[in-house]
Amino acid sequence: MLRRPCPECGLDTSSFDRTEIPAMTRANAAAWQDVLAAPDVARRPRPDKWSPLEYGCHVRDVFRLFGYRLDLMLTQDDPLFPNWDQDEAAVAERYAGQEHAEVARELGEAAAALAGRFAAISGDQWLRSGRRSDGAVFTVETFGRYLIHDPVHHLYDVTGVRHAAGA
């Protein structure tokens, strides 16, 4: 997703300045507040697809995880990120049974904290690196671009609204 627009959600992670990552994170979190306030938020559209509530839990946890990983990148030299199994997390944390208002609050807090961390990055910090166990290597900049695709894509998953350029 770093080299071309996502064919599903439409986000082109190369189309914006890296300094827009905090605002994009905050805007995405605001959109999730509306999704998580819907009356049927816990209903799965199909048995094999998460409900908006489950997606909201996942996005909250992605914001938290990326905050942790960003901190590693900014405080350690080329850290190796611990593995995270998102499907295992959904079961272990019982995403389907969580309280939607609490998830909305926590998602907003996690997004605000992460946006604040990205807003504080300057100069050579954008070049610091980190690695996933699958061999993927990120700089703070590519990490931020990779990050923003996840919540944008999942908002598309639940709303069907593609990302608009400049949005």
Side-chain angles (χ1 to χ4, degrees), residues 1-33 36 50 54-95 98 102-158 163-167:
M1 293 303 102
L2 293 176
R3 294 192 175 111
R4 57 180 167 68
C6 177
E8 293 177 38
C9 74
L11 180 65
D12 181 353
T13 61
S14 67
S15 69
F16 53 86
D17 190 271
R18 65 189 182 196
T19 60
E20 294 179 49
I21 293 169
M24 293 175 75
T25 301
R26 289 183 189 101
N28 181 268
W32 277 101
Q33 301 306 303
L36 292 168
W50 278 353
E54 290 167 298
Y55 274 115
C57 290
H58 170 74
V59 168
R60 173 204 58 205
D61 289 352
V62 164
F63 286 147
R64 289 173 172 170
L65 176 69
F66 273 69
Y68 170 72
R69 288 178 173 179
L70 179 60
D71 287 346
L72 289 177
M73 292 175 78
L74 295 173
T75 60
Q76 297 179 18
D77 289 332
D78 196 33
L80 178 63
F81 305 139
N83 287 328
W84 182 60
D85 183 324
Q86 64 187 17
D87 295 317
E88 183 180 295
V91 172
E93 297 299 319
R94 297 186 171 122
Y95 283 1
Q98 292 194 21
E102 184 71 7
V103 172
R105 183 186 63 74
E106 292 172 346
L107 186 152
E109 288 173 355
L114 182 57
R117 286 181 182 106
F118 270 105
I121 295 170
S122 64
D124 287 347
Q125 288 180 312
W126 288 104
L127 303 175
R128 293 186 62 82
S129 63
R131 298 170 288 124
R132 283 194 322 219
S133 61
D134 66 0
V137 177
F138 296 93
T139 63
V140 168
E141 179 175 353
T142 60
F143 181 75
R145 291 178 186 282
Y146 185 83
L147 151 75
I148 201 61
H149 174 254
D150 193 84
V152 166
H153 192 101
H154 292 318
L155 194 58
Y156 164 76
D157 286 334
V158 299
H163 183 80

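Model, not experiment: these values are computed from the prediction.
Shortest non-hydrogen contact noted between D134 and A136 is OD1-N, 3.0 Å. Minimum interatomic distance between A110 and R64 (heavy atoms only, all atoms of both residues): CB-CG, 3.8 Å. Closest non-hydrogen pair, L127 versus T139, comes out as O-CG2, 4.0 Å. Of all the heavy atoms in S129 and M73, the pair that sits closest is C-CE, 3.6 Å. Scanning all heavy atoms of the two residues, the minimum distance from G56 to V103 falls at C-CG1, 3.8 Å. Smallest separation of non-hydrogen atoms from W50 and A90: CZ2-CB, 3.6 Å.
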Quick one, R105 with Q33, criterion side chain to side chain donor-acceptor pair (under 3.5 Å). Give me CA distance, side-chain angles, the key distance, then yes/no.
CA-CA 8 Å; R105 183 186 63 74; Q33 301 306 303; over 6 Å; no
Please assess D157 against H154 for the test side chain to side chain donor-acceptor pair (under 3.5 Å), listing each intermediate value before the final yes or no.
CA-CA 5 Å; D157 286 334; H154 292 318; 2.8 Å; yes
Check the pair M24 / I148 against side-chain contact (heavy atoms from CB on, under 4.5 Å), numbers first and verdict last.
CA-CA 7 Å; M24 293 175 75; I148 201 61; 3.9 Å; yes
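A cation-pi arrangement is not found for R128 relative to F143, the charged atom failing to lie both closer than 6.0 Å to the ring centre and inside a 45° cone about the ring normal.
In this structure, D12 CG and H149 NE2 are separated by 10.5 Å, a value rounded to the nearest 0.5 Å. Between L107 atom CG and D61 atom CG the span is 9.0 Å, to the nearest 0.5 Å. Taking CZ from F81 and CZ from R132, the interatomic distance works out to 9.0 Å, rounded to the nearest 0.5 Å. In this structure, CZ on F66 lies 11.0 Å from CD1 on I21, to the nearest 0.5 angstrom.
None of Y95, F63, W32, W84 except one satisfies the ring-ring contact (aromatic ring centres under 6.0 Å, His included) rule with H58; the exception is W84. Screening V62, L65, L70 against L147 for a side-chain contact (heavy atoms from CB on, under 4.5 Å) leaves a single residue, V62.
A distance-only check finds a donor-acceptor pair linking the side chain of R145 to the backbone of F16 [under 3.5 Å]. Q98 contributes a side-chain N or O that, together with a main-chain N or O of E93, makes up a donor-acceptor pair within less than 3.5 Å. Without hydrogens or angle criteria, E20 side chain to D17 main chain gives a donor-acceptor distance under 3.5 Å. Using modelled atom types, no side-chain atom of T142 and backbone atom of F138 make a donor-acceptor pair closer than 3.5 Å. The main-chain N or O of Y68 is never found under 3.5 Å from a side-chain atom of R117 such that the two would form a donor-acceptor pair.
Residue D124 qualifies as open at atom CG: its count of foreign heavy atoms under 6.0 Å is 12 or below.
Side-chain atoms of L72 and P82, non-hydrogen and from C-beta on, do get closer than 4.5 Å to each other.
Salt bridge status for R131 with D78: present, with a side-chain N to carboxylate O gap under 4.0 Å.
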